[in-house]
Amino acid sequence: MSTAGATADPLAALGALPGVADSVESVRKSVDRVYGHRIMRRRSNAITSEAALRGARGSAALAGADWALEEVRRRTDFSGDEEARTVGAALRLTAEAGQLLSIWRQSPLRVLARLHLVAAADKADQVGRPRQEGEPVDEPLVGLPLPRAAEAHGRLEGLAELIIAGGSAPALVTAAVVHGELLALRPFTSHNGLAARTAERIVLIGSGLDPKSVCPAEVGHAELGREAYLEALDGYVSGTPEGMAAWIAHCGRAVELGARESTAVCEALQRGAA
């Protein structure tokens with residue numbers, strides 16, 4: 001987050017980057033369209049449940065387990081191979097996200113530790129804590145240089161301080177920075193991508209932008225594709241104004257696509273009720 005410099009509210013400073021305001025406004029309009037749909041007034045719980053399922057499928061796809069939606073919906077046992085365990089972790093994280101909203105603004109590090117515990121419950125000696133120096137990180141789809149553990153710890157604490165302090169930054173900006181920083185740092189020994197996308201979801205819900213969690217950004221990230229995802233992440237890691245703005249715009253587009261997905265679900269439910 002070097003472009004923010006030493007400003008009192010560095011996240012708000014990122015919101016002032018060229019093009020970011022347009023992304024924020026476009027996301028707001030997309031979210032408003034979903035919430036204004038007549039089906040949302042009667043069946044919002046059904047839309048939330050479907051968005052959670054589709055979001056988990058999208059997050060798992062970016063982690064290398066690109067299953068068809070109906071397979072995710074049908075399956076009950078996720079203890080088999082690595083792909084099955086990845087999908088199961090994504091589903092557990094999505095379910096857990098709504099339970100952590102009240103804790104996030106007071107103790108984001110506690111929430112992140114909980115996310116890792118939920119995702120990687122089978123690795124008891126390494127779960128629920130940031131990695132230590134020398135511990136390997138299992139995150140093969142993110143090929144960026146891995147920061148040393150001490151740097152990761154320091155930056156993670158700095159991110160937590162920004163979240164606790166609050167500020168005037170738009171929800172999209174905060175969500176994008178949380179997501180990007182966790183991917184860049186990979187503070188845990190595994191499941192960093194799944195945790196990063198869940199943290200993005202928590203910010204979008206807790207900020208009030210998407211309080212019912214019906215605009216799954218994970219769906220959009222998967223639809224935009226892994227190559228575009230990693231290219232945008234490179235921009236974030238570069239720390240340049242252009243790179244940071246491109247990452248925020250990418251995250252904004254993902255939210256818009258998630259909103260479009262739920263609008264389609266609303267339309268399908270409306271046709272079924274007609």
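Numbers for residues simply follow the sequence, beginning at 1.
- Residues in residues 216-226 take part in these salt bridge (charged side-chain N to carboxylate O under 4.0 Å, His left out) pairs, two or more places apart or across chains: R201-E218, E223-R260.
- The closest side-chain heavy-atom distance from H179 to C251 is below 4.5 Å.
- Nearest heavy atoms, A222 versus L62: N-CD1, 3.9 Å.
- Residue pairs meeting the salt bridge (charged side-chain N to carboxylate O under 4.0 Å, His left out) criterion with at least one partner in residues 164-179, sequence neighbours excluded, do not occur; the list is empty.
- Nearest heavy atom pair, residue V72 against residue F78, reads O-CZ, 4.0 Å.
- Minimum interatomic distance between S262 and V34 (heavy atoms only, all atoms of both residues): CB-CG1, 4.2 Å.
- Closest approach of Y236 to V177, counting heavy atoms only: OH-O, 3.7 Å.
- Residues satisfying the salt bridge (charged side-chain N to carboxylate O under 4.0 Å, His left out) criterion with R114, sequence neighbours excluded, are E96.
- Note on E151 versus R148: no salt bridge recorded, every NZ/NE/NH1/NH2 to OD/OE distance being 4.0 Å or above.
- Around the CD atom of E227, the shell of radius 6.0 Å holds no more than 12 heavy atoms that belong to other residues, nucleotides or ligands.
- Taking the side chain as every heavy atom from C-beta outward, L17 and V20 approach each other to under 4.5 Å.
- By the 4.0 Å N-to-carboxylate-O rule, R28 lies close enough to D32 to be salt-bridged with it.
- Checking H221 against E200 by side-chain atom types alone, a donor-acceptor pair falls below 3.5 Å.
- Residues V127 and A120 share a closest heavy-atom pair of CG1-O, 2.6 Å.
- Side-chain contact, T189 with R131: no donor N or O sits under 3.5 Å from an acceptor N or O.
- In R75, the CZ atom is crowded: over 12 heavy atoms of neighbouring residues, nucleotides or ligands sit closer than 6.0 Å.
- Between L115 and L93, some side-chain heavy-atom pair lies under the 4.5 Å cut-off.
- For R74, the CZ atom counts as densely surrounded, since its 6.0 Å shell holds more than 12 non-hydrogen atoms of other residues, nucleotides or ligands.
- H37 and E267 share a side-chain donor-acceptor pair at under 3.5 Å.
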